[in-house]
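What you are looking at is a predicted structure, and each value in this text was computed from that prediction instead of being measured.
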Amino acid sequence: MTEFSENIAALQPSATIAVSSRAKQLRAEGRDIIDLCVGEPDFPTPRFIADAGVEAIRAGHTRYTPAPGIPELRAAIAADLQRLSPGAGDIEAHGIVVSAGAKQALFNVCFSLFGPGDRVLIPVPYWTSYPAIVELTRAEPVLVDGDAERSFKVTVDALDRAAAGGAKGLLLNSPGNPSGAVYTKDELEEIARWAADRGIWLISDEIYRRIYFEGDLAPGILDLPGELLERAVLIDGASKAFAMTGWRIGFSYSAKALAAKVSALQSQTTTHAPTPSQHAALAAYRADPAQLDECRAMQQSFNVRKQLLTQLFREKLPDVEFVDPAGAFYLWIATGGLANAGENSVEVCERILQSTGVALVPGTAFGDDRYLRLSFAASEDTLRDAVNRLATGL
């Protein structure tokens with residue numbers, strides 16, 4: 001019998017990828033399937049970014065780079081962060097470590113900060129990889145229930161109760177996956193002050209910050225007073241806002257000492273993010289306003305889809321409750337108006353898939369079995385078709 005390391009003993013594949021694979025299998029068998037599982041923009045990478053990647057390959061930019069990324073890209077990201085949060089202090093490139101996706105950036109930071117005996121607070125619902133990444137560091141994920149009346153955002157009181165047994169870290173995600181919830185600047189400041197007062201590392205995943213439906217840009221931790229951020233880390237990347245999921249470019253921004261450790265760790269694992277992808281991302285983060293029009297058009301399309309989808313649910317599925325998202329591109333749907341007696345979220349999703357051909361992700365993957373996640377990174381016609389199938393098939 002094969003004996004695997006304790007490091008991966010409890011590790012399971014990503015639930016979102018597993019459900020999407022099931023949908024692809026049914027489609028390959030000839031079924032008419034609408035896959036609303038995976039969270040990636042359905043738009044092509046903007047042409048000016050793709051051209052930069054192609055040109056990088058043709059120019060011979062296919063060799064190793066420094067572990068934390070090419071200096072030009074780190075500087076461009078720092079300048080972009082400064083533009084997005086002009087009130088922040090000097091944002092310096094040495095705090096940026098470019099990684100093969102925001103997921104690797106998050107893993108690098110957690111692996112550099114946490115270990116056996118540490119407790120890391122994770123609000124529920126959470127992005128499906130958060131607990132797995134914390135467990136890979138041998139730390140303990142401590143789940144903190146969000147407040148349903150506040151779109152599942154956690155309160156300081158709830159964090160305080162969860163931290164009674166000690167806590168070294170807090171993973172925060174805003175705009176949130178899967179809920180679409182967005183913390184206000186005041187809410188972020190209250191949480192950051194709470195964490196700073198207790199010496200707790202605050203890791204803020206802001207990968208959806210530019211996909212925001214109540215303004216141009218969701219509030220972020222760099223909008224907060226600098227004295228609250230000495231033990232704070234920003235996680236972000238190019239995947240969502242620039243439609244670059246497959247290019248695998250993410251980054252962390254932290255104090256110089258932590259960035260050096262993260263860079264050293266990465267040098268011993270993946271070495272660095274793909275070189276041509278870094279040059280493509282450089283074009284994205286250096287983009288002029290005219291070039292960014294295509295990206296803004298994508299973001300506006302998500303807002304239009306959100307408005308359409310929530311309207312369709314209210315009209316055609318009035319008994320189904322959901323969280324009205326303020327950002328990202330997900331609808332967090334309660335199973336109450338969809339489930340048969342005794343069904344869990346996995347069983348509900350399987351029945352919906354078989355009876356309507358609509359693939360959704362069970363809420364248990366995000367820590368709450370009472371919900372399902374629908375990705376509206378799909379065309380308006382596709383979303384109309386999906387809701388019509390749900391309304392008639394269920």
Heavy-atom side-chain contact between L159 and E190 under 4.5 Å:
no
Are F366 and Y126 an aromatic pair, judged by ring center distance below 6.0 Å?
no
Does any non-hydrogen side-chain atom of I8 lie less than 4.5 Å from one of L136?
yes
In terms of hydrophobic clustering (I, L, V, M, F, W, Y; side-chain heavy atoms under 4.5 Å; direct or indirect links), are L217 and L224 co-clustered?
no
Grouping I, L, V, M, F, W and Y whenever their side-chain heavy atoms are under 4.5 Å apart, do V109 and V98 come out in a common cluster?
no
Using 30° and 60° as the class limits, which term best fits the ring planes of Y330 and Y208: parallel, tilted or perpendicular?
perpendicular
Could you tell me the separation between the CZ atom of R370 and the CG atom of N344, rounded to the nearest 0.5 Å?
14.0 Å
What distance separates N108 CG from L113 CG, expressed to the nearest 0.5 Å?
10.5 Å
Could you check whether atom CG of N340 has more than 12 heavy atoms from other residues, nucleotides or ligands sitting under 6.0 Å from it?
yes
Nearest 0.5 Å, please: how far is SG in C37 from CZ in R22?
11.0 Å
Is atom CD of E321 surrounded by more than 12 heavy atoms (other residues, nucleotides or ligands) closer than 6.0 Å?
no
So, Q311 versus Q307: side-chain donor-acceptor pair below 3.5 Å or not?
no
Assess, by modelled atom type and distance only, whether the side chains of Q104 and T270 contain a donor and an acceptor separated by less than 3.5 Å.
yes
With distance as the sole test, does R31 use its side chain to make a donor-acceptor pair with the main-chain N or O of Q354 at under 3.5 Å?
yes
Got F251 and S99 here, is their nearest side-chain heavy-atom distance under 4.5 Å?
no
Test I200 against R231 for side chain to side chain contact (heavy atoms under 4.5 Å, CB included), laying out the working first.
CA-CA 7 Å; I200 293 173; R231 295 171 69 86; over 6 Å; no
What do you reckon, is CD of E6 surrounded by more than 12 foreign heavy atoms closer than 6.0 Å?
no
Charged N-O contact under 4.0 Å between D197 and R193:
no
Do NZ/NE/NH1/NH2 and the carboxylate oxygens of E92 and K256 come within less than 4.0 Å?
no
Closer than 4.0 angstrom, basic N to acidic O: yes or no for R209 and D223?
yes
Are L292 and W247 connected in a single hydrophobic cluster, I mean Ile/Leu/Val/Met/Phe/Trp/Tyr linked by side-chain heavy atoms less than 4.5 Å apart?
yes
Between D385 (side chain only) and D381 (backbone N and O only), is there a donor and an acceptor less than 3.5 Å apart?
no
is_close_aromatic(Y371, F152), centroid dist under 6.0 Å:
yes
Just wondering, do V38 and S375 contact through their side chains at under 4.5 Å, heavy atoms?
no
Answer whether the closest heavy-atom distance between the side chains of I77 and L81 falls below 4.5 Å.
yes
Taking atom types as modelled, find out whether T310 and D324 have a side-chain donor-acceptor pair closer than 3.5 angstrom.
no
Which pair of heavy atoms, one from F302 and one from F376, lies closest together, and at what distance?
O-CE1, 3.5 Å
Min side-chain heavy-atom separation L171-L202 under 4.5 Å
no
Between F114 and W201, is the ring centroid distance below 6.0 Å?
no
Count the heavy atoms of every other residue, nucleotide or ligand shown that sit under 6.0 Å from CD of E230, and state whether that count exceeds 12.
no
More than 12 foreign heavy atoms under 6.0 Å from CD of E29: is that the case here?
yes
Check for me, please, whether I91 and I235 land in the same ILVMFWY cluster - side-chain distances under 4.5 Å, paths through other members count.
no
Any donor-acceptor N/O pair, N173 side chain to P175 backbone, under 3.5 Å:
yes
Using side chain to side chain donor-acceptor pair (under 3.5 Å) as the criterion, point out the one residue from D157, T155, D160 that pairs with W194.
D160
Honestly curious: do V154 and L170 fall in one hydrophobic cluster under the side-chain, below-4.5 Å linking rule?
yes
How long is the straight-line distance from CG of L121 back to CG of L143, given to the nearest 0.5 Å?
9.5 Å
Using 30° and 60° as the class boundaries, would you call the ring planes of F111 and F107 parallel, tilted or perpendicular?
parallel
Output yes when a side-chain donor or acceptor of R248 lies under 3.5 Å from a complementary backbone atom of A273, and no otherwise.
no
Run the numbers on R161 and D145 for salt bridge (charged side-chain N to carboxylate O under 4.0 Å, His left out), then give the verdict.
CA-CA 11 Å; R161 290 191 296 271; D145 287 333; over 6 Å; no
Identify all side-chain donor-acceptor contacts of residues 53-66 below 3.5 Å with residues at least two apart in sequence or on another chain.
from : atom 1 : to   : atom 2 : distance (Å)
T65  : OG1    : Q278 : NE2    : 3.1

D80 with R210: basic N within carboxylate O range, under 4.0 Å
yes
Gap between atom CD of E380 and atom OG1 of T382 - 0.5 Å precision
10.0 Å
In Å, rounded to the nearest 0.5 Å, how long is the span from OG1 of T275 to CD1 of I70?
8.0 Å
Show, in sequence, the C-alpha distance, side-chain angles and deciding distance for Y253 and V233, and conclude whether the side chain to side chain contact (heavy atoms under 4.5 Å, CB included) test is met.
CA-CA 6 Å; Y253 174 63; V233 183; over 6 Å; no
Residue pair L234, E206: steps toward the side chain to side chain contact (heavy atoms under 4.5 Å, CB included) verdict
CA-CA 7 Å; L234 169 67; E206 301 179 9; 3.3 Å; yes
